[in-house]
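Inspection log for the structure reproduced underneath, given as structure tokens.
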Amino acid sequence: DVIFCDLMMPNLTGMEVFDELMRRSPEIVKKIVFMTGGAFSPEVREFIARVPNRCLHKPFDPAETLRDALATGSLG
């Protein structure tokens with residue numbers, strides 16, 4: 001289904017989660033949808049530009065986001 005992952009967390013970044021899943025289970029990474037509150041470092045900006053996964057900017061309306069994704073087929 002879908003894995004929602006924040007890019008910035010206290011002890012781990014979404015980028016680290018992505019890299020570890022790429023190493024262990026690369027078939028899962030296409031299911032990740034990143035979320036961010038806008039705390040962008042150059043590293044985060046480069047990461048978002050590099051990976052094809054969708055990135056939601058908080059705050060967002062979950063119901064609206066799901067309707068949009070279902071309508072366009074673009075969760076990931």
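Computed from a prediction, not measured in an experiment: that's the story for all the values here.
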For Arg50, is the CZ atom crowded, meaning more than 12 foreign heavy atoms sit under 6.0 Å from it?
yes
Tell me whether the count of non-hydrogen atoms from other residues, nucleotides or ligands lying under 6.0 Å of CD in Glu43 goes above 12.
no
How long is the span from the [atom1] atom in [X] to the [atom2] atom in [Y], to the nearest 0.5 Å?
X     : Y     : atom1 : atom2 : result
Phe47 : Phe34 : CZ    : CZ    : 3.5 Å
Glu27 : Met22 : CD    : CE    : 10.5 Å
Asp19 : Thr13 : CG    : OG1   : 7.5 Å
Met9  : Met15 : CE    : CE    : 9.5 Å
His57 : Ile48 : NE2   : CD1   : 6.0 Å
Leu12 : Asp6  : CG    : CG    : 10.5 Å

On the 0 to 90° scale, with breaks at 30° and 60°, tag the Phe4-Phe60 ring pair as parallel, tilted or perpendicular.
parallel
Can you check whether Val29's main-chain N or O pairs, donor with acceptor, with Asn53's side chain at less than 3.5 Å?
yes
Which atom names give the shortest non-hydrogen contact between Gly14 and Cys5, and what distance separates them?
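Heavy-atom minimum between the residues: CA-SG, 3.7 Å.
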For the residue pair Thr36 and Val44, establish whether any side-chain heavy-atom pair is separated by less than 4.5 Å.
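Side-chain contact under 4.5 Å: no.
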